[in-house]
Amino acid sequence: DIQLTQSPSFLSASVGDRVTISCRASQGISSYLAWYQQKPGKAPKLLIYAASTLQTGVPSRFSGSGSGTEFTLTISSLQPEDFATYYCQQMNRYPLTFGPGTKVDI
Amino acid sequence: EVQLLESGGGLVQPGGSLRLSCAASGFTFSIYAMTWVRQAPEKGLEWVSAISVSGGPTYHADSVKGRFIISRDDSKNMLYLQMNSLGVEDTAVYFCAKDLRGYDAFDMWGQGTKVTVSS
């Protein structure tokens, strides 16, 4: 199975900050990676797929990059509504797997 | 309105069974692969099962293989998850999700249904 690790696991930030979250795969997954945002008590929301493609309706302050085993989610200017937990997910092969999550808090 | 609505969760004893349902509306259900993802209390997301468009393959996580069965009824726009031999480790909120066409990423999610396995 492909394992995903995320760093950091917890991030304290302020409104306006540039935030970067990393996701590392245990083996190469090309660009088959997605990023999700989840707020407490809510379903996850797809932000980015294919490593760098912004999902329709997602603000352009979110961006993704990387390929192979190293990936990054960047929020260029953190907004109050961005405080949440972020998960990466590999879609290269079954079983599909998620990273453990990064909580972005004030 | 595009929507996924799960039902069927509840309290079940260890060793018991439960069938989850997911009603889809607002899109052409039959042309999309569908997925179940779960989240244990205060834990991260875990992919559970996926089903291709009708006639295609199904996939299950090792943790549920042989116990859970995913199925779909395109005539009713319904997705199902039959869960057997439940253990306390299956306690979670279960989400159904729609695959983004061409990618195994999930662009639409239900609100989730809670399953508690306890004696």
Side-chain angles (χ1 to χ4, degrees), chain A residues 1-10 21 23 25 29-58 62 64 67 71 73 84-105, chain B residues 1-6 9 20 22 24 27 32-52 56-68 70 79 92-114:
Chain A
D1 298 1
I2 298 173
Q3 310 299 322
L4 297 177
T5 56
Q6 289 183 234
S7 61
S9 54
F10 180 87
I21 299 169
C23 178
I29 58 171
S30 187
S31 296
Y32 293 104
L33 189 97
W35 290 96
Y36 300 86
Q37 175 194 68
Q38 187 181 31
K39 297 181 180 179
K42 300 294 187 181
K45 174 186 175 182
L46 177 64
L47 299 175
I48 288 173
Y49 63 96
S52 61
T53 303
L54 198 66
Q55 170 66 351
T56 303
V58 174
F62 291 92
S67 66
F71 301 87
L73 173 69
T85 300
Y86 293 84
Y87 295 92
C88 56
Q89 176 236 327
Q90 66 83 16
M91 44 185 179
N92 184 63
R93 66 178 65 179
Y94 288 97
L96 307 180
T97 47
F98 288 89
T102 295
K103 185 175 182 180
V104 177
D105 209 344
Chain B
E1 181 188 2
V2 178
Q3 191 174 5
L4 295 171
L5 188 61
E6 302 95 336
L20 304 184
C22 173
F27 65 98
Y32 292 97
M34 297 293 295
T35 289
W36 289 97
V37 173
R38 68 184 180 183
Q39 187 167 35
E42 305 303 316
K43 299 293 185 183
L45 302 171
E46 180 187 12
W47 172 80
V48 175
S49 300
I51 186 166
S52 304
T58 61
Y59 307 90
H60 296 275
D62 288 345
S63 58
V64 306
K65 202 170 290 184
R67 300 188 300 122
F68 289 13
I70 187 172
L79 177 72
V93 174
Y94 286 73
F95 298 97
C96 69
K98 167 187 163 290
D99 278 27
L100 183 65
R101 206 167 183 198
Y103 300 89
D104 286 316
F106 318 122
D107 64 342
M108 186 192 317
W109 296 66
Q111 86 291 346
T113 187
K114 187 175 182 179

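Chain naming here is simple, since letters A, B, ... match the order of the sequence lines and numbering starts at 1 in each.
- Side chains of Asp104(B) and Tyr94(A): a donor-acceptor N/O pair is present below 3.5 angstrom, by distance only.
- In this structure, chain A has a heavy atom under 4.5 Å from the side chain of Val37(B), while its backbone stays farther away.
- Atom NZ of Lys39(A) has more than 12 heavy atoms from other residues, nucleotides or ligands within 6.0 Å.
- Heavy-atom distances place both the backbone and the side chain of Phe106(B) under 4.5 Å from chain A.
- Per-residue counts of heavy-atom pairs under 4.5 Å with chain B were compared for Asn92(A), Leu46(A), Leu47(A); the largest is that of Leu46(A).
- Considering only heavy-atom pairs separated by less than 4.5 Å from chain B, the leading option among Ala43(A), Pro40(A), Gly99(A) is Ala43(A).
- Only the backbone of Glu46(B) comes within contact range of chain A, judged by heavy atoms closer than 4.5 Å.
- Across Gly101(A), Gly41(A), Pro100(A), Pro95(A), the residue that shares the most heavy-atom pairs under 4.5 angstrom with chain B is Pro95(A).
- With 3.5 Å as the limit, one finds a donor-acceptor pair spanning the side chains of Gln89(A) and Tyr36(A).
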*Give the intermediate values and the outcome of ring-ring contact (aromatic ring centres under 6.0 Å, His included) for residues Trp47(B) and Tyr59(B).*
CA-CA 10 Å; Trp47(B) 172 80; Tyr59(B) 307 90; 7.3 Å; no
Stepwise side chain to side chain contact (heavy atoms under 4.5 Å, CB included) test for Val104(A) and Ile21(A): CA-CA 10 Å; Val104(A) 177; Ile21(A) 299 169; 4.1 Å; yes
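- Residue contact with chain B, scored on non-hydrogen atoms closer than 4.5 Å, involves the side chain of Gln38(A) exclusively.
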| request: Decide yes or no on side chain to side chain contact (heavy atoms under 4.5 Å, CB included) for Leu4(B) and Phe27(B), but give the supporting numbers first. | output: CA-CA 10 Å; Leu4(B) 295 171; Phe27(B) 65 98; 3.9 Å; yes
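- Contact of Ala50(B) with chain A is made through the side chain alone, with heavy-atom distances under 4.5 Å.
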